Each structure stands twice: as C-alpha cells, then as structure tokens.
Peer 1: 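This is the structure I have questions about; it appears just below.
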Amino acid sequence: MNSMRDDARRITPGALYQLAASFPMLRQAGLLFGIEIVSHALDYLFHIYVGRTLAPGSFAVFQSYSAVAMLFITLSGVLQPAVARYTAAPPAIDSGPVSPGAILRTYLWQGVAVGIAIGLLLYLAAPAVSRAILLPVAMLHLIAFMMPVAMARPVLLGLFQGQTRFGSYGGITLLYAVSRLSLVVAGLSVGGLAAGAQGAGGAGDPAAYWAAQTIPFSMVLAVTLGVFLARRELRQRGTLSWRISLQGWQLSLVALMIAAAFTALTGLDVVWVNRIMHSDVAGAYARALVLRRIVQFVPVVAGVVLLPRVASAYRGGQIAARPIALAIGVVLANGAALTVLYALLGGAIDRLAFGAGQDPPTTWLVGMAVAMTGYGLVLVWINVFIATRPLPFGYLLLAAAPLQIGLFLWLGRSPEAVVIILAATGWLLALAGAALYLFWLEPPTGHQSDS
C-alpha cells in the first residue's frame, strides 16, 4: 500500500507537469477553435441552406462543383506550409534571420503570378474538363477567375500561422464563411433566384450558378482583409534571396503533391457517386458528405496549431513529441465522439439539417465518421512531416490516390462499397504515418525531445 502511494506521488507531479506544458498549445488551439467553430457552423448552414433550396439533382451537381473548387483551393494552398515554416523558423542569412515581411512579399507576388497562369490554363481547358466531369463550363470559369486570389490567401494564412496569430488567421476564414452565407441567402431568398430554378444544376439553373459564384466573391473579400491585417509586415524591409525562395518552392511542390493526393483521397468519392449512381442516391450521399465534414474540423485546427511548433522544435534539433501526441489524442477523441453520435442520432441530425428527403443510411454516416477519423490522423502526420522531412509520406499519399481510384473503378458499385474503400485507405495511411514517425524520423542533431 505504501509503495502504491509513493508511486502515485511520483507520477502525479509528472502528469501535472505534462498537462501544464501543454497549456500553450491548448490555449492557441482553443482560440482558433472558438473562431473556426463559428466559421464552420456558418459553412454548414451554407451547405444546408443550399441543399434545402436546390432540387436534388442541382444540389448533387453543386456539391460536385464544390468538390472540384475545393480541390483547386486546396492545391492553391501549396505556399502556406512553406510560409508558415519559414516564419516560425526564419532562414538565416549574413545579416540575420529573414524578416516576415520579406517572406510575405516574395511569396505573395509569386503566388499571384502562378495563380494567373493556372487560371488561364483552366479557362482554356474548361470545355474538355466539363465533358470529362459533367460540370458546366461556366462553373469551371468561376474557378479559373478565382485562382489568383486563391493563391494569395494561403500566403497570408501562412504568415499568421507561423507567427501564431490565430486571431488574424481565424478572422480571414470567418469573413469567408460569413460572406458566402450572406451572398447565397441574398441571391436565393431576397433576390428570388431560387424561384426560377429548373433543377438542371447547370449554367441555365440560376440558383445553382449563384451558389457557385459565392465562392470566388467571398475569396476576394477574405484576401482583402488578410492584406489589411498584414499591412505592418508588408512595410517591413528586407529581401528573400532566390536561393531561399527556391527552397521554399521545393517544399511547396512537395506540399502540392501531398495536398493533391489528400484532396483526391477525401473528395473524389462524391464525384464518383454522382457520376455512376441515380440522382436520388447521389443527393443522399451529398447530404452525408456535408455531415462528415464535421469530423474534419478538429483535425484541421490541430494541424494548424501543430505545424509551427514542430517546425520551431525541429530547427532546434528536437522532435516535438508532446504536441504531436496531444494532437493525436484530440483527433481520436473527436472521431470517437462523432462516430457514436452518428450511430445514435445520424438520421435525426440529417432530417433536422435538410428536412424531408432520402436520408443517408446510418451505416453511411458511421462509416464516413470512421473514415474521416483516419484521415484526421493523416492530417496530423502531414503537418508533422511538412515541418520536418515531407518526401516519404508524400510518396505514400501519392501512391494511395490512384490506388483508391482504381478500387472505386473495380469495386465501387454501391455507396457502402465506396465508404469502405474510403475508410480503408485513410486508416492504412494513418498507420503508415505513425510507422514513419516512430522508426524513421530523427531530429537534425540525432537526439529527441518531447518539447
């Protein structure tokens, strides 16, 4: 008995120390979570409102457009990891560390130039892409016009992430969500566009097209706010050499590969279902897709807070094991709670959100929650390896994306099969990331710390 009490006395101070040491990360995550939960609530209201307003066929096509737009938006975020990593751990030059302003200005203008080039290519290729994925050309043109500002926004977010200015970071995403919901309500309710919708889901459907336009409009407003919040850094002196800039672009190309693979792994299932299955089934799957995005909310926030801490520790010759373990625990707890919630109340939540209609089966919702928990862990590992050594995990993601598409082609003949394929690939990648971390990743100096 005395031995047990002695053990408890020794363990308790250590546990309290570990908990206290986690407070800075938890506080930062809490601030961002508070802002982002409002943003995500507004985002879900946007999708719920559009889902209740548009005809099922139109909503399925809009969700496909949204998935494609999110693919391009995610790809345009290629510079955010490099800017965040450089801001958190500035490259050293002869005159001292590079200023945040030099990092921001260099990548901001480079990003806008790349966005213009991508937008022009997409604009020219829109007819061929439209035939391949069955989306209206006009909707693809909206994505093309959006690309310059879509490339600028992640540079600003990367600055605030690296500086741990999560109030400014969250303000950009909050404005984007507020403006998108306001614009869609103004057009469909106040403007009466929904009354003329024929359910075609294309450019001839004014309701669906107006909902699509809210994404680029809101992106412009969010970037405008970001430039205002970064005005002090934009006035800072200093330059970023081409050598360091190119190193950042090398990291960005790896991040591009990772972002493309991750977005394909988590988004193309709805495009596949919409393409081969009945419109009612595709509409029900689209409703489930909106609900499953809730599972990704906490992992995204955890990853944003985690990356600068890992980058700073790694630059100092350490591996931030404690923040990584904390992020993994939060993601697992979040996924488990939402999986149980969907198992018990999934149908009721769907009907509350979307009203009458073809409900997605509870098995879909539970399976999607399990799948997105696995991908939440993948997000943790993405942020860990982007901040340290990203290539091996990037290659795994790149290999998994065509494998998943092949499984869709081979076995994805029902929504249940699609969900199983989604979950299997997510959890296999999560386990692969853990194996790389445990058996491969080492700090630059060869020693490890749990700071």
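Please read these numbers as outputs of a predicted model, since none were measured by experiment.
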Peer 1: Using the rule given for side chain to side chain contact (heavy atoms under 4.5 Å, CB included), can you reason through Q161 versus T87, listing the C-alpha separation, both sets of side-chain angles and the distance that settles it, and then say yes or no?
Peer 2: CA-CA 8 Å; Q161 182 182 3; T87 304; over 6 Å; no
Peer 1: First locate atom CD of E233, then atom CG of L159, and finally report the distance between them rounded to the nearest 0.5 Å.
Peer 2: 5.0 Å
Peer 1: Look only at the side chain of Y169 and the backbone of V304, and say whether a donor-acceptor pair between them is shorter than 3.5 Å.
Peer 2: no
Peer 1: Go through it in stages, so that I can follow the logic: the residues are Y49 and V185, the test is side chain to side chain contact (heavy atoms under 4.5 Å, CB included), and I'd like the CA-CA distance, side-chain angles, deciding distance and then a yes or no.
Peer 2: CA-CA 8 Å; Y49 177 80; V185 172; 4.2 Å; yes
Peer 1: Is a side-chain N or O of T224 found less than 3.5 angstrom from the main chain of V220, in a donor-acceptor match?
Peer 2: yes
Peer 1: Who are the side-chain hydrogen bond (donor to acceptor under 3.5 Å, both in side chains) partners of Q404, not counting sequence neighbours?
Peer 2: Y375, T425
Peer 1: Could you pull out the closest heavy-atom pair between G171 and L225, with the gap in Å?
Peer 2: O-CD2, 3.5 Å
Peer 1: Do you know which two heavy atoms are closest between R293 and S66, and how far apart they sit?
Peer 2: NH2-OG, 4.3 Å
Peer 1: Considering only heavy atoms from C-beta outward, does the side chain of V68 approach that of Y65 to under 4.5 Å?
Peer 2: no
Peer 1: Are any side-chain N or O atoms of R85 and backbone N or O atoms of A82, one a donor and one an acceptor, separated by less than 3.5 Å?
Peer 2: no
Peer 1: Search all heavy atoms of P323 against all heavy atoms of A320 and return the closest pair with its distance.
Peer 2: CD-O, 3.3 Å
Peer 1: Got a list of side-chain donor-acceptor pairs under 3.5 Å for residues 378-389, not counting sequence neighbours?
Peer 2:
residue : atom : partner : partner atom : Å
W381    : NE1  : A430    : O            : 3.3
N383    : ND2  : L379    : O            : 2.8
T388    : OG1  : V384    : O            : 2.8

Peer 1: Give every donor-acceptor pair under 3.5 Å between a side-chain atom in residues 338-347 and any protein atom, sequence neighbours left out.
Peer 2:
residue : atom : partner : partner atom : Å
T339    : OG1  : G335    : O            : 2.7
Y342    : OH   : L291    : O            : 2.5

Peer 1: Looking at A177 and S39, what are the two nearest heavy atoms and their distance?
Peer 2: CB-O, 3.4 Å
Peer 1: Could you go through the side chain to side chain contact (heavy atoms under 4.5 Å, CB included) check for I324 and R309 one step at a time?
Peer 2: CA-CA 9 Å; I324 294 170; R309 295 178 66 87; over 6 Å; no
Peer 1: When rounded to the nearest 0.5 angstrom, what is the spacing between CD1 in I172 and CD1 in I35?
Peer 2: 11.0 Å
Peer 1: Quick one: CE on M372 to CG on N334, what's the gap to the nearest 0.5 Å?
Peer 2: 12.5 Å
Peer 1: Spell out, as yes or no, whether a donor-acceptor pair under 3.5 Å connects the side chain of T173 to the backbone of G170.
Peer 2: yes
Peer 1: Could you give the distance from CD1 (I421) to CD (E416), rounded to the nearest 0.5 Å?
Peer 2: 11.5 Å
Peer 1: Can you name the residues that form a ring pair (Phe, Tyr, Trp, His ring centres under 6.0 Å) with Y123, not counting sequence neighbours?
Peer 2: H141, F145
Peer 1: Side-chain contact, heavy-atom cut-off 4.5 Å: M257 with L397?
Peer 2: no
Peer 1: Hey, does L377 have a side-chain heavy atom less than 4.5 Å from the side chain of L332?
Peer 2: yes
Peer 1: Has the side chain of T263 got a donor or acceptor atom that lies under 3.5 Å from a matching backbone atom of A260?
Peer 2: no
Peer 1: Kindly compute the distance separating CG (L251) from OH (Y86), expressed to the nearest 0.5 Å.
Peer 2: 7.0 Å
Peer 1: Using the side chain to side chain contact (heavy atoms under 4.5 Å, CB included) rule, take I215 and L142 through it: C-alpha gap first, then chi angles, then the decisive distance, then the call.
Peer 2: CA-CA 9 Å; I215 294 179; L142 288 176; over 6 Å; no
Peer 1: Show me the donor-acceptor pairs within less than 3.5 Å that the side chains of residues 101-121 make with the rest of the protein, sequence neighbours left out.
Peer 2:
residue : atom : partner : partner atom : Å
R105    : NH1  : L234    : O            : 3.2
R105    : NH1  : Q236    : O            : 2.4
R105    : NH2  : Q236    : O            : 3.1
R105    : NH2  : G238    : O            : 2.6
T106    : OG1  : A102    : O            : 2.8
Y107    : OH   : S245    : O            : 3.1
Q110    : OE1  : S245    : OG           : 3.4
Q110    : OE1  : W249    : NE1          : 2.4
Q110    : NE2  : S245    : OG           : 3.1

Peer 1: As a test of understanding, state which of V149, L156, L157 forms a side-chain contact (heavy atoms from CB on, under 4.5 Å) with R153.
Peer 2: L157
Peer 1: Compare all side-chain heavy atoms of R180 with those of H47 and state whether any distance is below 4.5 angstrom.
Peer 2: yes
Peer 1: Which pair of non-hydrogen atoms, one from V184 and one from W210, has the smallest distance, and what is that distance?
Peer 2: CA-NE1, 3.6 Å
Peer 1: About how many Å separate CZ of F160 and CD of Q80, when rounded to the nearest 0.5 Å?
Peer 2: 11.0 Å
Peer 1: Specify the closest pair of heavy atoms between P148 and A144, including all atoms of both residues, with the distance to one decimal.
Peer 2: CD-O, 4.0 Å
Peer 1: Please list every donor-acceptor pair under 3.5 Å in which a side-chain atom of residues 265-273 meets a protein atom from a residue at least two apart or in another chain.
Peer 2:
residue : atom : partner : partner atom : Å
T266    : OG1  : F262    : O            : 2.9
D269    : OD1  : R292    : NH2          : 3.0
D269    : OD2  : Y285    : OH           : 2.6
D269    : OD2  : R292    : NH1          : 2.7
D269    : OD2  : R292    : NH2          : 3.3
W272    : NE1  : G412    : O            : 2.8

